[in-house]
Amino acid sequence: MPPVLVVPAVLGLAFLVVPLIGLLAKAPWSTLPQRLTSPEVLDALELSLVCATLATVLCVLMGVPLAWVLARGDIPGRGFIRALVTVPLVLPPVVGGAALLFALGRRGPVGQVLDDWFGVSLPFTTAGVVVAEAFVAMPFLVISVEGALRAADPRFEEAAATLGASRWYAFRRVTLPSVAPGVVAGTVLCWARALGEFGATITFAGNFPEKTTTMPLAVYLALETDPEAAIVLSVVLLAVSVAVLASLRERWIGG
Amino acid sequence: MPPVLVVPAVLGLAFLVVPLIGLLAKAPWSTLPQRLTSPEVLDALELSLVCATLATVLCVLMGVPLAWVLARGDIPGRGFIRALVTVPLVLPPVVGGAALLFALGRRGPVGQVLDDWFGVSLPFTTAGVVVAEAFVAMPFLVISVEGALRAADPRFEEAAATLGASRWYAFRRVTLPSVAPGVVAGTVLCWARALGEFGATITFAGNFPEKTTTMPLAVYLALETDPEAAIVLSVVLLAVSVAVLASLRERWIGG
Amino acid sequence: STGSGGTPTGSSAPGTGVTGTVTVFAAASLTESFTRIGKDFEAANPGVKVTFNFAGSSALAQQITQGAPVDVFASAAPANMQQVADAVSPTAFARNKLEIAVPQGNPGKVAGLKDFADAGKKIALCAEQVPCGAAAKKVFTAAGITAAPDTLEQDVKAALTKVRLGEVDAALVYRTDVKAAGASVEGIEFPEADKAVNDYPIAALKKAPNAKGAKAFVDYVLSDKGKSVLADAGFAAA
Amino acid sequence: MTLDAHVRTGRGTFEADVPLLVQPGETVALLGPNGAGKTTVLRALAGLLPLRSGHIRLNTTWDEPPSTFVPPERRAVGVVFQDYLLFPHMPVLENVAFGLRARGVNREAARRAARAQLDAVDLTPYADARPRELSGGQAQRVALARALVTHPDLLLLDEPLSALDAGTRPRVRAELGRHLREFPGCAVLVTHDPLDAMVLADRLVVVEGGRITQSGEPAVIARKPATDYVAHLVGLNLLRGQADGTAVALDTGGTLIVAEPAAGPVHAAFPPTAISLHPERPSGSPRNTWEVAVAGMEQHAHTVRLHLDGAPSVVAEVTPAVIAELGLAPGTRVWAALKATEIQTYPRA
Amino acid sequence: MTLDAHVRTGRGTFEADVPLLVQPGETVALLGPNGAGKTTVLRALAGLLPLRSGHIRLNTTWDEPPSTFVPPERRAVGVVFQDYLLFPHMPVLENVAFGLRARGVNREAARRAARAQLDAVDLTPYADARPRELSGGQAQRVALARALVTHPDLLLLDEPLSALDAGTRPRVRAELGRHLREFPGCAVLVTHDPLDAMVLADRLVVVEGGRITQSGEPAVIARKPATDYVAHLVGLNLLRGQADGTAVALDTGGTLIVAEPAAGPVHAAFPPTAISLHPERPSGSPRNTWEVAVAGMEQHAHTVRLHLDGAPSVVAEVTPAVIAELGLAPGTRVWAALKATEIQTYPRA
Ligand SMILES: Nc1ncnc2c1ncn2[C@@H]1O[C@H](COP(=O)(O)OP(=O)(O)OP(=O)(O)O)[C@@H](O)[C@H]1O
Ligand SMILES: Nc1ncnc2c1ncn2[C@@H]1O[C@H](COP(=O)(O)OP(=O)(O)OP(=O)(O)O)[C@@H](O)[C@H]1O
Ligand code: MOO
Ligand SMILES: [Mg+2]
Ligand SMILES: [Mg+2]
């Protein structure tokens with residue numbers, strides 16, 4: 001392998017890993033086991049995993065079609081729509097949470113409709129956590145899937161069409177599998193971003209233990225009172241996410 | 001276009017756009033012009049754009065090679081390395097900033113080396129902002145570029161090799177252009193994430209006007225006392241990023 | 001009417017008539033003390049459950065303004081309380097004052113407030129927009145010092161973290177924070193601190209879903225039992 | 001179910017203007033040099049390239065700008081692409097079954113049909129392989145199977161046999177021929193191989209530079225090639241007859257002795273160069289000798305093409321020297337000789 | 001600069017075991033049915049598929065497990081892939097110049113050489129086109145130009161002419177032949193076309209099921225095909241001689257009259273079926289008649305192959321009926337006749 005690629009790659013990896021080592025070095029390893037088994041930690045962890053996964057499912061269901069429309073559809077103002085999709089990325093998450101409150105809060109136009117018609121109120125609920133995470137994480141999915149779709153050879157879709165496949169059938173059976181690595185990458189980004197989401201969640205869904213206190217919120221609170229505990233919580237979050245990603249990704253991609 | 005794709009795509013777009021409309025509706029449009037031209041806003045905006053761009057350059061220089069090594073290199077423990085790369089995504093940004101301080105701060109092992117050998121101190125400097133943003137944003141680049149590389153046909157690289165191209169030359173002239181949409185997508189994600197980065201920046205680089213106060217920091221602090229000002233700042237950030245992305249992306253991708 | 005208005009969810013405590021869930025929005029700096037007070041309150045009122053939403057005071061104020069269903073709001077500053085229109089007669093329940101925090105061993109050799117004007121020292125302050133920053137501003141005005149900070153932190157804990165990690169030579173934080181930080185941080189008191197004492201107001205809310213519970217919780221915080229918990233955390237009595 | 005098309009379209013600066021009429025059950029071969037526009041026409045017929053003007057009709061109107069455009073998936077077409085375009089992530093069997101599954105056939109039935117089709121192209125053992133595990137020729141045969149399995153109204157074949165080896169090709173060609181004869185739809189075949197064209201197609205259309213330069217039945221074109229390109233390309237005698245062992249009774253009269261025994265209707269093909277001419281009935285190896293009259297002569301670069309009337313009438317190619325020596329002129333009667341081993345036979349409908 | 005290789009490798013369950021020795025300046029044609037392993041061997045030689053055992057040496061050792069493996073970019077090879085693999089994002093000219101640029105030639109010089117090479121394959125007008133704007137045949141010619149332009153020590157050509165039309169093919173074949181003769185390295189050519197093989201290659205290697213079933217000079221193999229596959233594939237007479245107008249003085253004695261005038265060293269090729277046999281010297285169109293003696297006979301499915309000694313010695317294919325009628329047996333003397341128009345000539349070194 002060429003050094004001109006390997007050297008920056010190693011530098012890049014080091015850049016990402018060294019701070020993590022710093023974090024691990026600061027972790028209070030001796031008290032770790034008992035901290036880990038505390039119900040608050042387990043509750044927060046479970047909530048985090050459940051919400052991030054649900055948010056990811058939501059994002060995949062809406063984001064992959066959106067990416068496809070952006071990549072293949074012949075729609076006017078596509079560049080603008082694509083830029084709009086990128087916006088929640090740029091929005092500081094706390095502002096994103098506030099925006100969600102403005103729209104979906106009890107006083108927001110959509111929130112009122114949801115409340116009046118369906119009796120659904122999203123803020124300060126676990127569903128609200130999912131919504132906040134999905135809002136922040138979806139652009140990651142959309143943009144990386146769209147990138148993958150654009151790099152894919154559209155002639156396979158043409159071949160599918162001549163075989164009588166509707167665009168939907170071709171999308172499912174031909175397009176999607178052929179960009180599987182891109183979709184997996186986008187899904188991973190989305191899930192990881194959802195798992196680490198803090199600002200929008202605490203603003204839109206609040207910070208109620210067992211209901212909306214995900215790991216990042218717990219970490220934030222612990223930072224206020226017990227920084228060592230915050231480090232422990234972060235390490236747990238990291239370990240779990242590394243484990244999930246390392247085991248799943250090879251499997252998905254191998255498929 | 002099949003409704004089964006268009007309907008979720010439209011839903012997804014609405015989900016992303018409705019909160020933005022909520023935000024715009026709350027913006028104090030009448031006072032907007034005078035707020036916009038205030039030197040603080042312009043300083044913060046300029047700093048944000050400069051830092052996000054520098055961070056993106058750093059990420060591209062290190063992240064694209066890293067993505068290539070992950071996608072093509074035959075290295076042991078690749079799944080684990082890939083998961084490690086994902087970690088800064090999951091880390092709540094404030095913790096990420098703390099981890100950076102542990103490693104690169106005054107008392108951190110790397111920070112001490114930097115200080116003793118080069119007289120460089122990153123915290124509380126603009127360089128620190130760039131580092132914090134790069135740390136948080138790089139995984140987005142790496143993972144989406146790797147996804148694109150995996151979806152690309154490696155046989156073109158084989159053809160380049162038989163034509164005498166070193167792996168580096170083939171990478172530059174063949175691989176990279178063929179995954180250009182994926183790289184652009186990753187770069188956009190990276191830039192947008194860097195532009196919106198708050199927690200790691202304020203924790204690692206602190207908050208001082210003209211040096212480290214980027215737009216998200218200004219927004220966050222404005223939220224504490226003057227939510228309307230915060231909304232104005234957010235809207236400015238959004239408008240600028242939409243403009244930049246909409247104009248650049250079509251050009252890059254068209255190229 | 002003792003116990004007669006019980007809800008299906010549980011029995012009522014004798015004497016108070018409190019039932020159900022009490023939802024408390026409290027400033028993040030109250031996390032430890034209020035968690036304890038909540039446990040004590042639940043013990044004193046069997047069948048009652050207290051749920052907390054801890055976050056920055058301003059975020060909480062905004063959530064309440066947006067219609068969050070909340071019974072009690074405890075803010076770290078009167079300003080945030082004022083943003084909440086339907087707070088019922090806010091009462092100060094604790095006060096906090098500033099202290100100089102330096103890393104263990106005081107490597108920057110900070111002696112007093114005047115060192116904050118030394119550009120050669122690394123200094124962290126809170127941003128003016130947050131309560132501890134506003135307090136710091138008052139203190140410096142009173143002392144006639146022009147501070148030369150390197151960073152204006154988003155909240156007091158962030159400033160403290162910088163001290164803890166030795167990234168700065170000194171910061172102005174609350175006494176409670178220095179106390180909570182333990183051995184890694186040393187506190188230096190200074191006279192001008194009294195010029196900027198920070199009141200923590202608490203209030204039940206007009207639209208509280210559990211009005212009785214709200215009043216009972218506020219009363220409990222203001223009671224001696226509540227005060228002693230707060231005092232343990234380093235708060236001064238209001 | 002007649003294909004009535006006038007393909008006027010283009011890609012980049014290239015423009016094609018090709019009228020095509022294909023009767024039900026008919027196979028038309030599109031021939032022409034590289035870059036002539038053959039693939040372009042096929043793409044337009046498939047619906048992958050909209051017309052600029054003109055029309056495409058088959059049962060209903062498929063394309064007629066600006067009003068009508070039926071997308072490819074709603075045209076009953078089957079396409080073999082020049083570079084196969086097998087779906088890389090699906091096993092071979094799934095690739096072949098795709099068209100049936102897409103049209104709603106249940107999994108079991110689709111697989112069964114796909115397996116039968118794979119069998120016909122000799123690839124049963126590769127049912128579970130991925131396309132990238134196939135050799136070039138194997139991939140092409142899979143592509144053929146995939147297009148044939150849905151029995152579309154219009155079959156479009158872009159050089160479907162070009163990667164096949166000399167041993168496999170006759171078998172696959174015969175299978176394709178059988179399929180084309182049996183199926184009631186229209187077929188358009190692009191090929192560079194004159195033998196494929198002559199044997200598989202009922203009619204040839206020669207395209208050069210996006211325009212038709214000649215079209216007609218293979219035998220007619222072979223006899224009267226309009227351009228040197230065509231002459232070179234379709235320089236084959238193609239006769240129909242009934243085989244009985246090594247004797248083929250020709251539909252137009254006369255009998256040919258061939259080397260490989262066959263039975264039933266066949267094509268008999270041989271190059272014009274295979275015919276030798278003699279002043280008297282020759283003795284020796286040529287199994288076929290018959291008297292012919294010179295009907296016409298055409299001078300080509302270094303050779304002369306003779307149109308010979310007889311039973312059968314054939315085209316012969318000889319050197320100018322022969323003309324002088326045998327004193328050939330229109331009307332001259334000479335003996336034609338043709339070796340049995342020069343004749344290739346292919347079963348027909 | 002001899003290529004000394006023993007390719008033992010495999011893909012999936014397929015295994016190849018092919019020893020190959022190619023002298024400097026020599027061209028070896030690899031023939032065989034689909035899936036025989038031809039592409040596999042080429043990939044191993046190019047360094048795209050490591051050997052499992054055996055060796056590849058050219059100047060130095062390129063591959064010898066487990067010790068040595070030189071990666072493709074450090075082997076001086078040029079490859080034409082079966083599916084071209086043109087870089088889709090580069091214009092045609094850049095594609096052709098790529099190999100030179102990769103080896104450090106400056107942009108101007110590389111472009112000049114690429115332009116000349118494009119010229120040789122008749123694609124000058126397409127220099128600025130993108131590969132997806134090319135037709136299949138055009139793409140193949142670009143692939144050929146791209147591989148030739150670097151003048152590698154080892155040229156590997158995987159069916160480099162399969163997509164070319166009948167009109168272009170002879171020109172490109174002749175250009176490729178000229179290139180192969182001029183260049184001092186080794187060349188391995190995969191093809192399904194016996195004529196390409198016979199005309200372009202000095203030696204044929206027939207691979208079936210990953211093993212060599214026969215190898216040798218074209219003429220020798222044509223005379224003694226080891227299997228039916230080979231007989232079918234290489235059933236051509238190939239003679240060398242000096243052309244002077246339409247007369248070719250053969251190196252092995254005798255003269256042939258051909259249709260197309262030429263000058264200098266040529267190959268003269270014609271199928272065994274083109275030879276007709278006569279008890280006496282025949283009169284008529286065949287320009288070439290000479291006396292031969294039957295040296296051997298082989299029964300094939302429906303025909304008999306005769307090895308005929310004479311000037312020249314040739315192989316003829318006749319029906320069994322001829323044997324009886326002419327009373328042919330080893331030693332029998334008969335007259336061979338061959339029409340000038342049956343002979344194709346190709347320039348040689
Ligand atoms: N996408 C495109 N953009 C511009 N020009 C194109 C495009 N595709 C093809 N062409 C040009 O159109 C002409 C016709 O191409 P087409 O593929 O139809 O040829 P063809 O007859 O199939 O040739 P071949 O036998 O080599 O496959 C060619 O000159 C080609 O360069
Ligand atoms: N990646 C692979 N994995 C498994 N098997 C493979 C792979 N690639 C090729 N094969 C198999 O190896 C055998 C040889 O393939 P190869 O491509 O060498 O054949 P070929 O002689 O070039 O045939 P063709 O004339 O059709 O191109 C085939 O049976 C093929 O199915
Ligand atoms: O306790 Mo606060 O509201 O984070 O300053
Ligand atoms: Mg074509
Ligand atoms: Mg092959």
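Here is the naming used below: chain letters follow the sequence lines, and residue numbers restart at 1 for every chain.
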Student check: side-chain heavy atoms of [X] and [Y] closer than 4.5 Å:
X	Y	answer
H278(E)	P286(D)	yes
E342(E)	E342(D)	yes
R287(D)	E325(E)	yes
P279(D)	S283(E)	yes

At a heavy-atom distance under 4.5 Å, which candidate from [options] has the highest pair count against chain D?
options	result
A316(E), A337(E), G136(E)	G136(E)
A139(E), A274(E), G37(E)	A274(E)
A36(E), A129(E), A163(E)	A163(E)

Over all atoms of both residues, closest heavy-atom pair of [X] and [Y]:
X	Y	result
A340(E)	T319(D)	CB-CG2, 3.4 Å
T341(D)	T273(E)	O-CG2, 3.1 Å
E317(E)	K339(D)	O-NZ, 2.7 Å
H302(E)	P261(D)	ND1-CD, 3.1 Å
G35(E)	S135(D)	N-OG, 3.2 Å

Query raised in the report: Just wondering, are more than 12 heavy atoms of other shown residues or ligands nearer than 6.0 Å to CD in E280(D)?
Result: no

Chain E interface, residue from [options] that has the most non-hydrogen pairs under 4.5 Å:
options	value
P272(D), S276(D), P271(D)	S276(D)
T39(D), D83(D), L326(D), D158(D)	L326(D)
I257(D), V322(D), I323(D), T303(D)	V322(D)

Requested in this report: May I have the step-by-step check of side-chain contact (heavy atoms from CB on, under 4.5 Å) for R141(D) and N34(E), ending in yes or no?
Outcome: CA-CA 10 Å; R141(D) 276 138 69 193; N34(E) 291 136; 3.1 Å; yes

Query raised in the report: Hey, what do you get for CG (D165(E)) to OG1 (T191(D)), rounding to the nearest 0.5 Å?
Result: 11.0 Å

Query raised in the report: Between atom CG of L164(D) and atom OG of S162(E), what is the distance when rounded to the nearest 0.5 Å?
Result: 10.5 Å

